[in-house]
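For reference, the structure discussed in these notes is given below.
Heavy-atom basis, side chains included; hydrogens, waters and symmetry copies ignored. Residue numbers start from 1 in every chain, and the chains themselves are labelled A, B, ... in the order their sequence lines are given, proteins ahead of strands.
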Protein chains: 2
Amino acid sequence: MKNKNSRLETIRLIISEQDIKNQEQLLQVLNSRGFSVTQATLSRDLKKMKISKVANTYGDYLYVLPNHALLQKKANGLASEGISASQPRYGFVSLNFSGNMIVIKTKPGYASSLAYDIDNHNVPGVLGTIAGDDTLLMVLAEGSNRQEIKRLLEPIIISL
Amino acid sequence: MKNKNSRLETIRLIISEQDIKNQEQLLQVLNSRGFSVTQATLSRDLKKMKISKVANTYGDYLYVLPNHALLQKKANGLASEGISASQPRYGFVSLNFSGNMIVIKTKPGYASSLAYDIDNHNVPGVLGTIAGDDTLLMVLAEGSNRQEIKRLLEPIIISL
DNA sequence: CGCCATTAGGAATATTTATGCAATATGAAA
DNA sequence: TTTCATATTGCATAAATATTCCTAATGGCG
């Protein structure tokens, strides 16, 4: 049962882990993980997360997460002002500032969904994000206060 | 009326030129171009070409070609320090400076083709670009003049 | 030519997804 | 707490898309 956010997060995980070809199937999987909702709710959930169905090489249409990045990068920031998660969400690993940028490392595959969530929160001072597979690059507005941005990001990354 | 292949090609063209949100709408456009078919045929056509519907930044689900790089549209709008499209009809959404970088936001799927184009123009002062799905990051040479760079970029963005 | 296999496509229908409405829950403000 | 606003969700149904079934048209090939 749990709450909506954990359901959304679970949906993202399921979508990225296995081939889901319709909402009925997604419903089954969610049930097996303790979530009980109707197809109507799933339709709304998917729309909210901008999830869509695209064809794979075999022509099967499967649900996929949005904002899949085309590039992967590696970062090597310094860590004096970073965050380390106690109860990491989204496979969060680390966060470091470098110049007017933030580099967030995640477990493989998690970067884009975290980027999606950060984008959705419209954090002031964050001009944009680019996500690879396990690295998320955020560009900050000039004059941004690092502590302030960190304070705003922390609940998004860690909470729940 | 013509043959199937020219219809398929026309569909591809329409999809990449305008925002099509359902098969009914596509049907209208095809009619206006002299093709007369039913929704059933369109469904088959779209499947054959692996076309799918994905959400744009505003949450509207639109048909897109399987290869995002094929999306080529035109950009309009430009502005003061940065450039921003007040009513973004094309891929370009906004441009902002931050330190020695520029962040360009585009509609989903457009960033990489814009990056490609900018790279090809060898704009002096632009060291390199990296693109995600809807965000393009450009790294500028130190001491670059913003107005100068903007002046060089504008025609590229607008003429896309 | 006649015969068969293949392809294309319409009409009707099935399947899948989205939504209007109403009920309940949650949260904020007084 | 009470009240008002907003969010969440299910149910029923609408809308959108896919498919089944059938007919025609086409192209070898003997």
Protein-nucleotide distance (Phe35(A), atom CZ; dT9(D), atom C1'), rounded to Å: 15 Å

Atom pair CD1 (Ile14(B)) and CZ (Arg33(B)), whose distance is rounded to the nearest 0.5 Å: 4.5 Å

Produce the list of close N/O pairs, under 3.5 Å, pairing protein atoms with atoms of nucleotides 5-8 of chain C; give distances to one decimal.
| from | atom 1 | to | atom 2 | distance (Å) |
| --- | --- | --- | --- | --- |
| dA8(C) | OP2 | Lys4(B) | NZ | 3.2 |

Phosphate OP1/OP2 of dG10(C) contacted by Thr38(B) side-chain N/O (<4.0 Å): yes

Rounded distance (Å) that lies between atom P of dA18(D) and atom CG of Leu27(B): 14 Å

Heavy atoms of other groups near Lys47(A) NZ, more than 12 under 6.0 Å: no

Rounded distance (nearest 0.5 Å) linking atom OG1 of Thr129(A) with atom NZ of Lys105(B): 5.5 Å

Rounded interatomic separation in angstrom, taking CG from Asp60(A) and P from dA18(D): 13 Å

Tyr61(A) reachable from Val54(B) in the ILVMFWY side-chain graph, under 4.5 Å edges: no

Base versus backbone protein contacts along nucleotides 13-18 of chain C [heavy-atom cut-off under 4.0 Å; B, S, -]: ---SBB

Identified side chain to side chain donor-acceptor pair (under 3.5 Å) partner of Asp45(A) from the options Arg7(A), Gln23(A), Lys4(A): Arg7(A)

Straight-line distance of Gln39(B) CD to Arg44(B) CZ, nearest 0.5 Å: 9.0 Å

Considering all heavy atoms, the nearest Ile51(B)-Tyr63(B) contact: CG2-CD2, 3.6 Å

Rounded distance (nearest 0.5 Å) linking atom CZ of Arg146(B) with atom CD1 of Ile149(B): 10.5 Å

